[in-house]
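This report concerns only the one structure given below.
Computed from a predicted structure; not experimentally measured. Chain A is the first sequence line, chain B the second, and so forth, proteins listed ahead of strands; every chain is numbered from 1. Quick note: numbers below take in every heavy atom, side chains included, and nothing from hydrogens, waters or symmetry partners.
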Amino acid sequence: MPELPEVEHLRRTLEPRLLGRRVVDATLHRRDVAVGPKDPPGGFARQRAVVRPSRLRAAQLLADATIERVDRRGKLLAIIASDGRALGVHLGMSGQLFWAPAGARLPTDHVHATWRLDDRSRLLFRDPRRFGGLWLAETRDELPPWRGLGPDALTLPPEHLAGLLAKARRPIKAALLDQGLLAGVGNIYADEALHRVGIHPAELACEISAPRALRLGEALRELLRLAVEAGGSTLRDYRAAEGQAGAFQLQHAVYGRAGQACLTCGEVLESGMLAQRTTVWCPRCQGGL
DNA sequence: ACGATACCCTGATGGC
DNA sequence: TGCCATCAGGGTATCG
């Protein structure tokens, strides 16, 4: 559920708390949520029923390092140390990064990693469903998930979208969800963006004309910008660094509203499965197909 | 190269 | 009240 706006808002709430802080120590409570430079290539260390514990030692989770900045690309966060090392954090479906000052209460269940900082504050990674994970690499650009990502959806110039879509012979919704094509858009914001510009989610990406692709690019950028400003969408699990919920879910026009009236034209919103994801659209506003 | 499918996982929800 | 089935969705791997 956390998509680009949620991760960007988390980044913005987290960065001021971490900047210049030295990591006193780090604890990895579950080794199978982390992937280090010496682990076999591939995605997560955990594969199917076979649990492959990471060879990462806790000390490699930036212990003793000083945090210089927090970067983001798509839905991936990268905590960068002054020596260049990078800790990648993906929230998956239910992942959270919490920061709390010395002595403050923090959740204890489903906590897979904890960092203690030199001002006695703590950072922790919690992820009940464990679809998320941690990666460590010598540099940010060597983080395996970072390398596979397309351009970031928030900063992509809208006029570049047409070129990306022209090569995708599949439904526009499937293309928008492809993180290698464009990084950051998930199920919520794909549906919302397509509704805003009146494009049916099943329309083939390569058949969208350049002017319409441009409008989609502009709408997507504006949508993501507004969602970041609102603190992201909190449906259930998403929280910012100090536990704050987002508010953008109140402005969703289609996501989660199947069977209800379109806010633009009053037509009943339809839903179906597309690219293995629940998809909601307005048959009148997005009728093109 | 693409699409469809299975799988990972837990918590919420609804039916009986 | 409890039990079970179903759903949600970020990804990756695998097969066609």
Under 3.5 Å, which donor-acceptor pairs link side chains of residues 191-198 of chain A to any protein atom two or more places apart or in another chain?
{"from": "A/Asp191", "atom 1": "OD1", "to": "A/Lys173", "atom 2": "NZ", "distance (Å)": "2.7"}
{"from": "A/Asp191", "atom 1": "OD2", "to": "A/Val280", "atom 2": "N", "distance (Å)": "2.9"}
{"from": "A/Glu192", "atom 1": "OE1", "to": "A/Ala253", "atom 2": "N", "distance (Å)": "2.8"}
{"from": "A/Glu192", "atom 1": "OE2", "to": "A/Ala253", "atom 2": "N", "distance (Å)": "3.2"}
{"from": "A/Glu192", "atom 1": "OE2", "to": "A/Val254", "atom 2": "N", "distance (Å)": "3.0"}
{"from": "A/Glu192", "atom 1": "OE2", "to": "A/Tyr255", "atom 2": "N", "distance (Å)": "2.8"}

Between [N] and [X], is there an OP1 or OP2 to side-chain N/O distance shorter than 4.0 Å?
X: A/Lys75; N: C/dG11; value: yes
X: A/His90; N: C/dG11; value: yes
X: A/Arg277; N: C/dG10; value: yes
X: A/His110; N: B/dG11; value: yes

Calculate the interatomic distance between [X] atom [atom1] and [N] atom [atom2]; express it in whole Å.
X: A/Asp32; N: B/dT10; atom1: CG; atom2: P; answer: 10 Å
X: A/Gln276; N: C/dA13; atom1: CD; atom2: P; answer: 17 Å
X: A/Phe131; N: C/dA13; atom1: CZ; atom2: P; answer: 15 Å
X: A/Arg169; N: B/dA1; atom1: CZ; atom2: C1'; answer: 12 Å
X: A/Arg126; N: B/dC9; atom1: CZ; atom2: P; answer: 17 Å
X: A/Gln179; N: C/dG11; atom1: CD; atom2: P; answer: 4 Å
X: A/Leu177; N: C/dG11; atom1: CG; atom2: P; answer: 9 Å
X: A/Leu77; N: C/dG11; atom1: CG; atom2: C1'; answer: 16 Å

Quick test: give all pairs of protein nitrogen or oxygen and nucleotides 5-8 of chain C nitrogen or oxygen below 3.5 Å, distance rounded to 0.1 Å.
{"from": "C/dA8", "atom 1": "OP1", "to": "A/Thr278", "atom 2": "OG1", "distance (Å)": "3.3"}
{"from": "C/dA8", "atom 1": "N3", "to": "A/Arg129", "atom 2": "NH1", "distance (Å)": "3.2"}

Report, one line per pair, each donor and acceptor closer than 3.5 Å where one atom sits in a side chain of residues 216-232 of chain A; sequence neighbours left out.
{"from": "A/Glu222", "atom 1": "OE1", "to": "A/Arg225", "atom 2": "NE", "distance (Å)": "3.2"}
{"from": "A/Glu222", "atom 1": "OE2", "to": "A/Arg225", "atom 2": "NH2", "distance (Å)": "3.3"}

Could you tell me whether the side chain of A/Tyr238 and the main chain of A/Glu6 form a donor-acceptor pair under 3.5 Å?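 Here the side-chain-to-backbone pair exists.
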Which residues satisfy the side chain to side chain donor-acceptor pair (under 3.5 Å) test with A/Arg147, sequence neighbours excluded?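 None.
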How far apart are the C-alpha atoms of A/Asp71 and A/Arg11, what are their side-chain angles, what is the distance that settles it, and do they pass the salt bridge (charged side-chain N to carboxylate O under 4.0 Å, His left out) test? CA-CA 7 Å; A/Asp71 286 352; A/Arg11 192 195 69 76; 5.8 Å; no
For A/Ser209, the side-chain contact (heavy atoms from CB on, under 4.5 Å) test, sequence neighbours excluded, returns A/Pro211, A/Arg212
Which residues pass the side-chain contact (heavy atoms from CB on, under 4.5 Å) test with A/Gln276, not counting sequence neighbours?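 None.
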